[in-house]
2 protein chains.
Amino acid sequence: MAVEIGPSPEMYLKSLFELTRGHAPVPISALAERLGHSVVSATEMVHRLERRGLVAHEPYRGARLTSDGATHARTLLRRHRLWERFLTDELNLPWESVHDLACQLEHAVGEEVTEALDRRLGIPATCPHGNPIPRSGPTPAASARTLADMKPGEHAELEAVHPESGPVLAYLAQHGLRPGAAFSLESIEPTDGLRVIGVSSTRVAFGPELAARLRVRPASGPGRGGGARGDERRA
Amino acid sequence: MAVEIGPSPEMYLKSLFELTRGHAPVPISALAERLGHSVVSATEMVHRLERRGLVAHEPYRGARLTSDGATHARTLLRRHRLWERFLTDELNLPWESVHDLACQLEHAVGEEVTEALDRRLGIPATCPHGNPIPRSGPTPAASARTLADMKPGEHAELEAVHPESGPVLAYLAQHGLRPGAAFSLESIEPTDGLRVIGVSSTRVAFGPELAARLRVRPASGPGRGGGARGDERRA
DNA sequence: ATGTAGTTTAAGGTCGACCTTAAACAAGGT
DNA sequence: ACCTTGTTTAAGGTCGACCTTAAACTACAT
Ligand SMILES: [Mn+2]
Ligand SMILES: [Mn+2]
Ligand SMILES: [Mn+2]
Ligand SMILES: [Mn+2]
């Protein structure tokens, strides 16, 4: 148990987990891109992780987490999101910064601290960006629907940003967009597929790339304007 | 600013700081021993740190922190002790574990988080083990007196454990010894210089090595028995 | 003054985590 | 069937952070 593994291998596991859609293996090139590494380096690392039994590599198709690897990845995601909650809720650090900060902390703690933190925070259900905090038992399935899937005229509410990344969060923060914000899709520009949405009297545009990262759910409280606080916790 | 420096070099700076007595340079062998590295490796690292301008090496005498190095070391000690307070006060983790846990966290955060944490904790004055938390302005001088300096019959109160280390803290915890605990030195065994102290009806023995790491101050509330809670905070 | 203990340098190694360039290869669409 | 694109392997490099063994050296105490 505990398996001694460094920050870098851990980031590979986490990324692999995040990039996985269904059962399909993740092309190493996708991994490499996500991490900003060369494809060759990513291949090397995948091999190392394979030797450790955390990853299964199907040549020319991609890499897949073993169940050990997936467990470890979930643990990391858990730590990451708990730290995010701590940083926002307890330290009042900005919503758009905590992702990167938590990305350091996640590698610096073990089970003892993680579980104590969880209790301390009141066993929160999601991170500040709307993603569920893994716990024992299956993680509640996030809505598969994204802004990219919406049709003009539709109303919805932002559920989560996934996958997260500093720049994306910064862009959203700039426009006051947070999980819980209600909005409507006003138009899809034919060229480039830009999505223009209306949030509380403002208009914000998203490229298709970004749009696919905004998980969306049917608007709950209809009318409920605003767009700021979406701190959903409950266990 | 910010100088990008990894966990390992950081540990060297911290150790150097802790081992420094007055103005004297610290023999590299002492550094090596503290870190559990070979002397050759420690020498290498000292050279690297010298190139970065964080350490000054006087051949055959030892290494000394430059003012840049000392600043960095103080920062680390600050982070370390703040995390310790967090782990004990907020997460209720055991007094004797938090040192090692904080030793990971101290390398995973920058100024932003550190300062927010400090505010959150109410600007504590010391770590759970009695050592002052560095802040801007000179650090209040810790008492130079240790258990090793006491004479049989003397009464005193434990101020701090310095330098800290897992095993030492574990030993103290085992006997219910904490900063704030009042005790008397009952005897110094002629052979081996064992110190036997009396704390609230128990007797505990310390070798000279350990005794020198227990900082001591004149007992404050005379009579005040017990020996547990010594959570001194105040700014 | 000399010797011993502590210190530094030299030399050679390992391993992880990155890089580049270039060649070999396989999958899948046309 | 073929070709293009994406993938893997090979080869060679760098750098940090550790290790060992062995030789050179210096400070200091006797
Ligand atoms: Mn990370
Ligand atoms: Mn998040
Ligand atoms: Mn440390
Ligand atoms: Mn402490």
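Just so it is clear: chains get the letters A, B, ... in the order the sequence lines come, proteins before strands, and each one is counted from 1. In what follows, every heavy atom counts, from backbone to side chain, and hydrogens, waters and symmetry copies are set aside.
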Rounded distance in Å - [atom1] ([X]) to [atom2] ([N]):
| X | N | atom1 | atom2 | answer |
| --- | --- | --- | --- | --- |
| A:Glu4 | C:dG16 | CD | C1' | 14 Å |
| B:Glu58 | C:dG6 | CD | P | 20 Å |
| A:Ile28 | D:dT9 | CD1 | C1' | 12 Å |
| A:Met45 | D:dT8 | CE | C1' | 17 Å |
| A:Glu44 | D:dA11 | CD | C1' | 11 Å |
| B:Leu54 | D:dG16 | CG | P | 14 Å |
| A:Tyr12 | C:dC18 | OH | C1' | 8 Å |
| A:His47 | D:dT8 | NE2 | C1' | 7 Å |

For this session: To the nearest 0.5 Å, tell me how far B:Leu158 CG sits from B:His129 NE2.
Result: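 Here the interatomic distance stands at 11.0 Å.
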Exercise. Think B:Ser41 has a side-chain N or O under 4.0 angstrom from the OP1 or OP2 of D:dC19?
Worked result: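 Answer is yes, contact under 4.0 Å.
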For this session: May I ask you to evaluate whether A:His57 reaches the phosphate of D:dT7, defined as a side-chain N or O under 4.0 Å from OP1 or OP2?
Result: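 Looking at the OP1 and OP2 atoms of D:dT7, neither is under 4.0 Å from any side-chain N or O of A:His57.
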For this session: Tell me what B:Arg48 touches on the nucleic acid: a base, only sugar-phosphate, or nothing, going by heavy atoms under 4.0 Å.
Result: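 B:Arg48: base contact, heavy atoms under 4.0 Å.
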Exercise. If you look at every strand shown and take non-hydrogen atoms under 4.0 Å, does B:Ser38 touch a base, only sugar-phosphate, or nothing?
Worked result: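 Result for B:Ser38 = base.
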Problem set entry | Atom CD of B:Glu115: over 12 foreign heavy atoms under 6.0 Å |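 Counting other residues, nucleotides and ligands, CD of B:Glu115 exceeds 12 neighbours.
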For this session: Verify, without hydrogens or angle tests, whether A:Arg78 (side chain) and A:Pro134 (backbone) share a donor-acceptor contact under 3.5 angstrom.
Result: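 Yes: the side chain of A:Arg78 pairs with the backbone of A:Pro134.
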For this session: Check for a donor-acceptor pair, side chain of A:Arg81 on one end and backbone N or O of A:Pro132 on the other, with a separation under 3.5 Å.
Result: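 Side chain of A:Arg81 to backbone of A:Pro132, a donor-acceptor pair under 3.5 Å: yes, one is there.
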Problem set entry | Among C:dC18, C:dT21, D:dC19, the one nearest B:His37 by side-chain distance |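 Of C:dC18, C:dT21, D:dC19, D:dC19 is nearest to the side chain of B:His37.
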Problem set entry | Nucleotide of D:dA17, D:dT7, C:dT8 approaching A:Ser29 most closely (side-chain heavy atoms) |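 The closest nucleotide is D:dT7.
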Exercise. Which residue lies toward the 5' end of DNA chain C, B:Arg61 or A:Gly6, if each is placed at its nearest nucleotide?
Worked result: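 Closest to the 5' end, via its nearest nucleotide, is B:Arg61.
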For this session: Between B:Tyr60 and B:Pro9, name the one whose nearest nucleotide on DNA chain D is closer to the 5' end.
Result: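 Closer to the 5' end of DNA chain D: B:Pro9.
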Problem set entry | Ring centres under 6.0 angstrom apart (B:Tyr12, B:His37) |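 Yes, the ring centres sit under 6.0 Å apart.
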